[in-house]
K.L.:
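What follows is a structure written as structure tokens; I'll ask about it next.
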Amino acid sequence: MYFDIAKQKFENLKNKDDVIVLSVESSCDETSIAIIKNGREVLANVVASQIDIHRLYGGVVPEIASRNHILAISNVYKEALNEAQISENQLDAIAVTYGAGLVGALMVGVNFAKTLAFSLELPLIAVSHIKGHIAANYITEKTLEPPFICLMVSGGHTAVLNITDYNHHELIGTTVDDAAGEAFDKVARVLGLCYPGGPEVDKHAKLGKSDIKFTHDIMTDSLNFSFSGIKTAVINYVHNLKQKNPNQELPINDICASFQTAVVRELATKAIKACKVNNSNKLVVAGGVSANSFLRQTLQTECDKNGIKLYFPSLKYCTDNAAMIGSAAYFMIRAGQGLSDLSLTAKPTVAL
């Protein structure tokens, strides 16, 4: 009975003038609920972060993340409705991140969204975390439309995507080992920097010189990436310094600057190459690492040189948030995609 009602409402939304989506994101250590109108207008975007909790452990502890999602999600929901100044009966659909991420954390959000959808008799939209990160740019830049090339760079993924329309893309390059964000976090941990590692590396890099040469395979014959080699080079460099002189203070700023420069140059080189190969004059950057200041600076310089228009999400939409999930869900609804029944479950990985 529920799904028949939800399906009919979903069909009606394809042509409805204004569509209001409540979206849920809980893939890692942020509990977030947003309310989005027509894919680009953020009525509310509430985020309860667990950074201070996981900083004690040097990284995200899955069981603790799940437990804290459970504790936070009901209050985050109430706060989102209050911030948007709307009632439940004004909602048109419920969207949720079903993957990729930590299974336990995802399950909290998925089950909460399913309960809401069932109780309010609303369509349930299953959204990939990857699509969400891309859609963050539609919120920041109201006039952005496909097609374009997207550089997806986060803790779990690094890839180049050819975005053909709002709901379809072609994978044209990916990491063969570590994601860029993963490499940032591992290097930060080796250097004794606090969690989250990416912003810490960025901060220290601004104070250092990039004169340490960390050799690694940049895979010049393709649009693929490899960051395992440079991560290992940094780890070996640090270990060698400690063995030679255990009492010597590590040149953390210079290590961060040198590491970051090498990674960003590879990202920028492949992104520009992808635009040229695919005759695209628009480059969109998505994912948590899109907040990196040196990446933004370098890509802007390279895009200006090559006549490419560059788009970044606002800093508050770079990291995990529900607004981007609601935006992606809207464009899926308009295309008649994403409707799920109550059998929806969490997936730790999703195809790029």
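Residues: numbered from 1 along the sequence shown.
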K.L.:
Going by heavy atoms in the side chains, are Cys256 and Leu193 under 4.5 Å from each other?
P.N.:
yes

K.L.:
Do Leu161 and Ile134 touch side chain to side chain, with heavy atoms closer than 4.5 Å?
P.N.:
yes

K.L.:
Give a yes-or-no answer on whether the side chains of Ser293 and Asp202 include a donor-acceptor pair shorter than 3.5 Å.
P.N.:
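Yes, Asp202 and Ser293 have a side-chain donor paired with an acceptor closer than 3.5 Å.
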
K.L.:
Sequence neighbours excluded, which residues qualify as ring-ring contact (aromatic ring centres under 6.0 Å, His included) partners of His129?
P.N.:
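Residues passing ring-ring contact (aromatic ring centres under 6.0 Å, His included) with His129: His133.
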
K.L.:
Step through the shown structure and confirm whether more than 12 heavy atoms of other residues, nucleotides or ligands are within 6.0 Å of NZ on Lys37.
P.N.:
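Atom NZ in Lys37 is not crowded, with 12 or fewer foreign heavy atoms closer than 6.0 Å.
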
K.L.:
Spell out, as yes or no, whether a donor-acceptor pair under 3.5 Å connects the side chain of Asn111 to the backbone of Met107.
P.N.:
yes

K.L.:
Would you check if Phe3 and Leu339 make a side-chain contact, meaning some heavy-atom pair closer than 4.5 Å?
P.N.:
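The answer is yes, as the side chains (C-beta and beyond) meet within the 4.5 Å cut-off.
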
K.L.:
Counting distance only, does the side-chain N/O of Ser327 pair as donor-acceptor with the main-chain N or O of Ala323 below 3.5 Å?
P.N.:
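Side chain of Ser327 to backbone of Ala323, a donor-acceptor pair under 3.5 Å: no, none is there.
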
K.L.:
Whether the side chain of Asn167 engages the backbone of Phe331 through a donor-acceptor N/O pair (distance < 3.5 Å, no angle test) should be reported.
P.N.:
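Yes; at least one donor-acceptor contact below 3.5 Å.
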
K.L.:
As a quick check of understanding, evaluate side chain to side chain donor-acceptor pair (under 3.5 Å) for His54 and Asp29, giving each step before the final call.
P.N.:
CA-CA 8 Å; His54 296 285; Asp29 60 343; 5.0 Å; no

K.L.:
For the rings on Tyr138 and Tyr330, is their centre-to-centre separation under 6.0 Å?
P.N.:
no

K.L.:
Can you confirm whether Pro251 sits close enough to Leu241 that some side-chain heavy atom of one is under 4.5 Å from a side-chain heavy atom of the other?
P.N.:
yes

K.L.:
Using the side-chain contact (heavy atoms from CB on, under 4.5 Å) rule, pick out the option among Asn12, Ile20, Leu13 that qualifies with Lys16.
P.N.:
Leu13

K.L.:
Linking Ile, Leu, Val, Met, Phe, Trp and Tyr by side-chain heavy atoms under 4.5 Å, what else ends up with Ile139?
P.N.:
Ile36, Val42, Tyr317

K.L.:
According to the side chain to side chain donor-acceptor pair (under 3.5 Å) rule, which pairs have a member within residues 140-152, sequence neighbours left out?
P.N.:
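Residue pairs passing side chain to side chain donor-acceptor pair (under 3.5 Å), neighbours aside: Thr140-Ser314, Glu141-Thr143.
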
K.L.:
Should the pair Arg334 and Tyr166 be classed as cation-pi, given the thresholds of under 6.0 Å to the six-membered ring centre and 45° from the axis?
P.N.:
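Here Arg334 fails the 6.0 Å and 45° test against Tyr166.
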
K.L.:
Any heavy-atom pair between the side chains of Phe225 and Thr174 that's under 4.5 Å?
P.N.:
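A side-chain contact is absent here, since even the closest heavy-atom pair is not under 4.5 Å.
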
K.L.:
Locate the shortest heavy-atom distance separating Leu122 from Leu91; write the atom from each residue and the value.
P.N.:
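Leu122 and Leu91 have their closest heavy atoms at CD2-O, 3.6 Å.
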
K.L.:
What is the distance from atom CD of Glu266 to atom OG1 of Thr175, rounded to the nearest 0.5 Å?
P.N.:
8.0 Å

K.L.:
What pair of heavy atoms forms the shortest contact from Ala346 to Leu106, and how long is it?
P.N.:
CB-CB, 3.5 Å

K.L.:
Among Ile, Leu, Val, Met, Phe, Trp and Tyr joined by side-chain contacts under 4.5 Å, find the other residues sharing a cluster with Tyr57 and list them by chain and number.
P.N.:
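The other cluster members (ILVMFWY side chains, heavy atoms under 4.5 Å, direct or chained) are Ile53, Leu56, Val61, Ile64.
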
K.L.:
Evaluate Tyr311 against Leu283 for side-chain contact (heavy atoms from CB on, under 4.5 Å), listing each step before the verdict.
P.N.:
CA-CA 6 Å; Tyr311 298 89; Leu283 175 62; over 6 Å; no

K.L.:
Under the rule for side-chain contact (heavy atoms from CB on, under 4.5 Å), what residues qualify as partners of Ala105, not counting sequence neighbours?
P.N.:
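Ser66, His69, Leu102.
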
K.L.:
Measure from the ring center of Phe259 to the ring center of Phe184 and say whether it is less than 6.0 Å.
P.N.:
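Centroid separation for Phe259 and Phe184: below 6.0 Å.
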
K.L.:
What is the distance from atom NZ of Lys244 to atom CG of Asn240, rounded to the nearest 0.5 Å?
P.N.:
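Nearest 0.5 Å value for the NZ-CG distance: 6.0 Å.
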
K.L.:
Would you say Lys270's side chain and Val160's backbone share a donor-acceptor pair under 3.5 angstrom?
P.N.:
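Side chain of Lys270 to backbone of Val160, a donor-acceptor pair under 3.5 Å: no, none is there.
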
K.L.:
Show me the pairs that pass salt bridge (charged side-chain N to carboxylate O under 4.0 Å, His left out) and involve residues 94-117, at least two apart or across chains.
P.N.:
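Sorted pair list comes back empty.
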
K.L.:
Ignoring hydrogens, what is the shortest heavy-atom contact between Leu352 and Ala159? Give both atom names and the distance.
P.N.:
CD1-CB, 3.9 Å

K.L.:
Quick one: closest heavy-atom pair of Thr345 and Val110, and the distance?
P.N.:
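The answer is CA-CG1, 4.3 Å.
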
K.L.:
Only one of Ile255, Leu191, Asp254, Ile252 forms a side-chain contact (heavy atoms from CB on, under 4.5 Å) with His204, so which one is it?
P.N.:
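Filter result, single survivor: Ile252.
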
K.L.:
Does Glu11 pair with Lys7 as a salt bridge, N-O distance under 4.0 Å?
P.N.:
no

K.L.:
Is there a side-chain contact between Val96 and Phe112, using heavy atoms and a 4.5 Å cut-off?
P.N.:
no

K.L.:
Considering all heavy atoms of both residues, which atom of Val47 and which atom of Ser32 are nearest to each other, and what is their separation?
P.N.:
CG2-OG, 3.4 Å

K.L.:
Quick one about His168 and Asp165 (side-chain donor to acceptor, distance below 3.5 Å, no hydrogens or angles considered), yes or no?
P.N.:
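Per modelled atom types, Asp165 and His168 side chains form a pair under 3.5 Å.
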
K.L.:
Checking the side chain of Ser280 only, and the main-chain atoms of Cys275 only, is there a donor and an acceptor separated by less than 3.5 Å?
P.N.:
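Judged by distance alone, no pair lies under 3.5 Å.
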
K.L.:
Does a donor on one side chain and an acceptor on the other come within less than 3.5 Å for Lys309 and Asn281?
P.N.:
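The criterion, which ignores hydrogens and geometry beyond distance, is not satisfied for Asn281 and Lys309.
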
K.L.:
Do Val284 and Ile149 have side chains that get closer than 4.5 Å, going by heavy atoms?
P.N.:
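Result no, sub-4.5 Å side-chain heavy-atom pair not found.
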
K.L.:
I need the Gln90 CD to Leu81 CG distance, nearest 0.5 Å.
P.N.:
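One gets 9.5 Å once the value is rounded to the nearest 0.5 Å.
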
K.L.:
Less than 3.5 Å apart, any donor N or O on the side chain of Asn292 or Gln260 sitting next to an acceptor on the other?
P.N.:
yes

K.L.:
Less than 3.5 Å apart, any donor N or O on the side chain of Gln8 or Asp4 sitting next to an acceptor on the other?
P.N.:
no

K.L.:
Atom CG of Asn45 and atom OG of Ser23: how far apart are they, to the nearest 0.5 Å?
P.N.:
7.5 Å

K.L.:
Out of curiosity, does Val103 fall in the hydrophobic cluster containing Val108 (side-chain heavy atoms, cut-off under 4.5 Å, transitive links)?
P.N.:
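They do not share one cluster, since no chain of ILVMFWY contacts under 4.5 Å joins Val108 to Val103.
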
K.L.:
Just how far is it from atom CG of Asn224 to atom OG1 of Thr220, taken to the nearest 0.5 Å?
P.N.:
11.5 Å

K.L.:
Decide yes or no on side-chain contact (heavy atoms from CB on, under 4.5 Å) for Ile94 and Val21, but give the supporting numbers first.
P.N.:
CA-CA 6 Å; Ile94 306 298; Val21 176; over 6 Å; no

K.L.:
Of all the heavy-atom pairs spanning Leu124 and Ala117, show the shortest one and how long it is.
P.N.:
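Smallest heavy-atom distance, with atoms named: CB-CB, 4.0 Å.
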
K.L.:
Does a side-chain heavy-atom distance below 4.5 Å link His157 with Ile130?
P.N.:
yes

K.L.:
Is it true that a side-chain atom of Thr158 and a backbone atom of Ala180 form a donor plus acceptor pair closer than 3.5 Å?
P.N.:
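Indeed, once roles are kept as given, a pair shorter than 3.5 Å links the two residues.
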
K.L.:
Is Arg296 atom CZ crowded by more than 12 heavy atoms from other residues, nucleotides or ligands, each under 6.0 Å away?
P.N.:
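Counting other residues, nucleotides and ligands, CZ of Arg296 exceeds 12 neighbours.
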
K.L.:
Strictly distance-based, threshold 3.5 Å: is any side-chain N or O of Ser210 a donor or acceptor partner for the main-chain N or O of Ser258?
P.N.:
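Not confirmed, Ser210 side chain does not pair with Ser258 backbone.
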
K.L.:
So which of Asp320, Val76, Asn321 actually passes side-chain contact (heavy atoms from CB on, under 4.5 Å) with Glu30?
P.N.:
Asp320

K.L.:
Measure the NE2-CD1 distance between His169 and Ile163 for me, rounded to the nearest 0.5 Å.
P.N.:
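Between His169 NE2 and Ile163 CD1, I get 6.0 Å after rounding to 0.5 Å.
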
K.L.:
Going by atom types alone, do Ser226 and Asp177 pair a side-chain donor with an acceptor below 3.5 Å?
P.N.:
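Yes, a side-chain donor-acceptor pair sits under 3.5 Å.
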
K.L.:
Ignoring hydrogens and angles, state whether a donor on the side chain of Ser343 or Asp341 is under 3.5 Å from an acceptor on the partner side chain.
P.N.:
yes

